[in-house]
Amino acid sequence: MPLAALIFDVDGTLAETEEVHRQAFNKIFEEYGFDWHWSWEKYSQLLKVTGGVERITHFLRTDHGGVFSDEWIATQVPEMHRAKTARYGDLLAAGGVTLRPGVERLCKEARDQGVTLAIATTTSTANVAALIDHSADAVAMDWFAAVGAGNIVNHKKPAPDIYQWTLDQLAIPASDCVALEDSLNGLMSATAAGLATVVTYSSYTKGQDFTGSLAVADTFGDPGTPATFLSGDHAGKDWIDLDLIRAWHAAR
Ligand code: XBP
Ligand code: MG
């Protein structure tokens, strides 16, 4: 069957948002009076744990094992994370975050050609809306027929749950869709849900093993800002357009 839908990941795919998340985490640690500061390198390691609550919990149990009771973690970490989400929204509202090259163009191509758009992300719906609403691009939340986000599923990426939820909402078979991801966790999640996947790695995921993807590039590219392809026959094209994704999908 022809390509019926594109399902976008958010953090690292729609935009390079993980640096903003890292700033928001560090802000709430400071507000809570902790001397913790997640450096780029530390956060790069912690990103292997998906989900902000899960990431903070992992950090407490590994770097501060035995210091915080299970009860404290169960009650305080979700509260800290709610505060982090508020700081993240404030940082996005301050402006300056734009969608990655080619994202707006691909979404417009999909809309013009009747290909459904959807989202499948580990972050919260609030964070998705904050990004879309505050980015300078034309993309709007109502362009997405389904937004699979955060805690609506029990198991986060690399589990397939969020992609399966989004597919169920779309009522479109996985075989007729392509996922767009930036990370190995996301590739594993989409693949486990039966989705062929195109990877545009981000600053935090460069160098991960994307074996099994349809193609790997540094960005989707745009006219004038060519993509650098690590894998996938891009037929001499300098950027990833819907026709190229269709060709990869048909040839998979
Ligand atoms: C990436 C994640 C999220 C973000 C932080 O999500 O793993 O946890 O790092 O957001 P994506 P939260 O699937 O879009 O790549 O603190 O809201 O979890
Ligand atoms: Mg991602």
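These numbers come from a predicted model, not from an experiment. Atoms within a ligand are numbered from 1 in the order they appear, just like the ligands themselves.
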Quiz item: Per the side-chain hydrogen bond (donor to acceptor under 3.5 Å, both in side chains) rule, which among Thr13, Thr17, Thr219, Asp182 passes with Ser202?
Solution: Asp182

Exercise. Any salt bridge (Lys or Arg N to Asp or Glu O under 4.0 Å) involving residues 204-227? Give me the pairs, sequence neighbours left out, ordered by first then second residue.
Key: Arg105-Asp222

Quiz item: Name the residues with a heavy atom less than 4.0 Å from ligand 1?
Solution: Asp9, Val10, Asp11, Glu18, His21, Phe25, Tyr43, Leu47, Thr50, Gly51, Gly52, Arg55, His81, Lys84, Thr121, Thr122, Thr123, Ser124, Asn127, Lys157

Quiz prompt | From Thr50, Thr122, Asp9, Asn185, residue fulfilling side-chain hydrogen bond (donor to acceptor under 3.5 Å, both in side chains) relative to Lys157 | solution = Asp9

Self-check item: Polar side-chain atom of Glu109 near backbone of Leu242 as donor-acceptor pair, under 3.5 Å
Solution: yes

Quiz item: How would you list, by chain and number, every residue that makes a salt bridge (charged side-chain N to carboxylate O under 4.0 Å, His left out) with Arg55, sequence neighbours excluded?
Solution: none

Quiz item: With under 30° as parallel and over 60° as perpendicular, where do the rings of His81 and Phe25 fit, or are they tilted in between?
Solution: tilted

Quiz item: Is there a side-chain contact between Ser183 and Gln208, using heavy atoms and a 4.5 Å cut-off?
Solution: yes

Practice problem: Taking 2.8 Å as the upper limit, name the protein N, O or S atoms near the Mg ion (ligand 2). | Solution: Asp9 OD2, Asp11 O, Asp182 OD1

Quiz prompt | Side chain His134, main chain Gly96, donor-acceptor under 3.5 Å | solution = no

Quiz item: Salt bridge between Lys42 and Asp63, side-chain N to carboxylate O under 4.0 Å?
Solution: yes

